[in-house]
*Asks:* 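Can you read through this structure? Questions will come right after.
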2 protein chains.
Amino acid sequence: MTGGALPAAELWAVAEAAADAAAAVTLRHFRGRALLAESKAETFDPVTVADREAEAAIRAALRDRRPADGVVGEEQHPEDGVSGLTWVIDPIDGTRGYISGTPTWGTLIALRDADGPVLGLIDQPYIGERFMGGLGRAAWRGPQGEGALAVRPARELSEAVLFTTFPEIGTPEDRAAFDRVAETVRLVRYGMDCYAYALLALGQIDLVIEAGLHAYDIAAPIAVIEAAGGLVTDWEGRPVHDGGRALAAASPELHAAALARLAGGETACPEG
Amino acid sequence: MTGGALPAAELWAVAEAAADAAAAVTLRHFRGRALLAESKAETFDPVTVADREAEAAIRAALRDRRPADGVVGEEQHPEDGVSGLTWVIDPIDGTRGYISGTPTWGTLIALRDADGPVLGLIDQPYIGERFMGGLGRAAWRGPQGEGALAVRPARELSEAVLFTTFPEIGTPEDRAAFDRVAETVRLVRYGMDCYAYALLALGQIDLVIEAGLHAYDIAAPIAVIEAAGGLVTDWEGRPVHDGGRALAAASPELHAAALARLAGGETACPEG
């Protein structure tokens, strides 16, 4: 991670202001009976009024304070910048959860330079929780207090808790690879969207595996988890900040073990 | 639902006091690094210190205020009463979610008479949300306000949102039955534990299907959902307050359609 010469306090103030602007919109529509859900593609991919309005609110907040930075989001066309920095935003990560009333969707705001994310923020405004990592910060605030983000100590894959959002993750090959990890760990849980990355950064769980991600789905989680001491790569161990298939792990040892299982399990010990 | 002659205000005060007593324990241990998880059975079924202490706190609150009532809980032996009323409690429903740090576990407190649950409370103390149904009440309180519980209007199965906790629900036959419903609905989501029942009572989702339940898993959700205008039965349409396989639905039409699919899909229309 780079970013040592960046104005950290200013950039964090901007990121938090953008998250606050999004929260005003997302909370106004959350659980509302009149919420519209349209279909962006043939599969069920809801785009709500809240999604579009929240992205507009974030872009307005960024444009006012950081007009030289670029912006890449889920809903609108990318805006090029001249600063070498780009904000990567997802106004509502977990739209399906959002339209179902679950409190585990989030607003994702990241800032990246040429090498990748340098700042990430995961916001869950209904609960009132915010997870922040990068530029010297690794912190959370929530309804019961605040504290530092830190991944949990390394443990064996057989003791690990693994999260993914959908059991039918990715392609059939992706699913088979995921299952090789899932059948090895202690516990698999589903349905948390971006909240799972926050739990990893909080030291509550060990692994998150997802497929089919866009850059705006993963940029903020990368910065949050790296700041907490964890690792996020693609399923081949390479950078994943442009999207694709992500493996987030609390320790290098666990990351290596999960990576091997994803690749075909060649390091698994024969039983008996 | 019965209970017209019961002292509703007193019983609700007792239920809320019991939930408050549990919350003091569950929040003290939630996301704590020192939380112990033991194994009750060969499969991973964590019983935490928090679970046992929270049940003790609930029982103490009930014993002080309602000594003539019985108590049935997850952790301790049943206590018989002489009033004809029994409290049915689960200090932490969704223990796996609890030990993973997710905010969608809950404390379940129900009161039943000879016919079934008459009062139910689902509490999520980390978020600060409480869902209450029965004895004339159908209400929620949360971090963003409070309001009435009411299920959403009837809709077709093909438009419904369905929740269950584990994709590997119940036996292989249970799973096949569940899949017949799942392949018909618009959206299936996982991992919410008792929070899914609250979402149904809030009018956010349409169906919850679970298997392998105990009485203490389902008694409170039954009262909450019935007070909100929904239905909860077993997979054959019979009372489920003693546990087993549960189908919760927002409307009688949707309940009938899901029941038919669970039974073998004989009412499904041929395509083309």
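In what follows, every chain begins at residue 1, and chains take the letters A, B, ... in the order their sequences are listed.
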*Asks:* Does any backbone or side-chain atom of A/Gln124 lie under 4.5 Å from a heavy atom of chain B? Answer side chain, backbone, both or neither.
*Replies:* neither
*Asks:* Within the 4.5 Å heavy-atom criterion, are A/Ile127 and B/Pro143 side-chain neighbours or not?
*Replies:* no
*Asks:* Does B/Glu183, at its CD atom, have more than 12 non-hydrogen atoms belonging to other residues, nucleotides or ligands within less than 6.0 Å?
*Replies:*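 More than 12 within 6.0 Å, yes.
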*Asks:* If I take atom OG from residue A/Ser100 and atom CG from residue B/Leu162, how far apart are they, to the nearest 0.5 angstrom?
*Replies:*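 It is 10.5 Å, given to the nearest 0.5 Å.
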*Asks:* Heavy-atom cut-off 4.5 Å, strictly under: side chain, backbone, both or neither for A/Tyr195 against chain B?
*Replies:*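 Just its side chain gets close to chain B.
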*Asks:* Identify the two heavy atoms, one from B/Gly101 and one from A/Leu199, that lie closest to each other, and give their separation to 0.1 Å.
*Replies:*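 Looks like O-CD2, 3.3 Å.
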*Asks:* Should A/Arg96 and B/Val161 count as side-chain neighbours, where that means a heavy-atom distance under 4.5 Å?
*Replies:*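 No, every pair of side-chain atoms sits at 4.5 Å or beyond.
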*Asks:* Of all residues at least two apart in sequence or in a different chain, which pass the side-chain contact (heavy atoms from CB on, under 4.5 Å) check with A/Ala19?
*Replies:*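 For A/Ala19 the side-chain contact (heavy atoms from CB on, under 4.5 Å) partners, ignoring immediate neighbours, are A/Ile109, A/Leu121, A/Asp123, A/Arg130.
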*Asks:* Could you state the interatomic distance from CG (A/Leu27) to CD (B/Gln144), rounded to the nearest 0.5 Å?
*Replies:*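 A/Leu27 CG to B/Gln144 CD: 5.0 Å, rounded to 0.5 Å.
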*Asks:* With B/Arg189 as reference, evaluate A/Thr102, A/Asp193, A/Thr165 under the side chain to side chain donor-acceptor pair (under 3.5 Å) test and give the passing residue.
*Replies:*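 For B/Arg189, the side chain to side chain donor-acceptor pair (under 3.5 Å) check succeeds only for A/Asp193.
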*Asks:* Are the side chains of B/Glu129 and A/Tyr126 in contact, using a 4.5 Å heavy-atom criterion?
*Replies:* yes
*Asks:* Indicate yes or no: at least one non-hydrogen side-chain atom of B/Gln204 is less than 4.5 angstrom from one of A/Phe30.
*Replies:*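 The answer is no; the side chains never approach within 4.5 Å.
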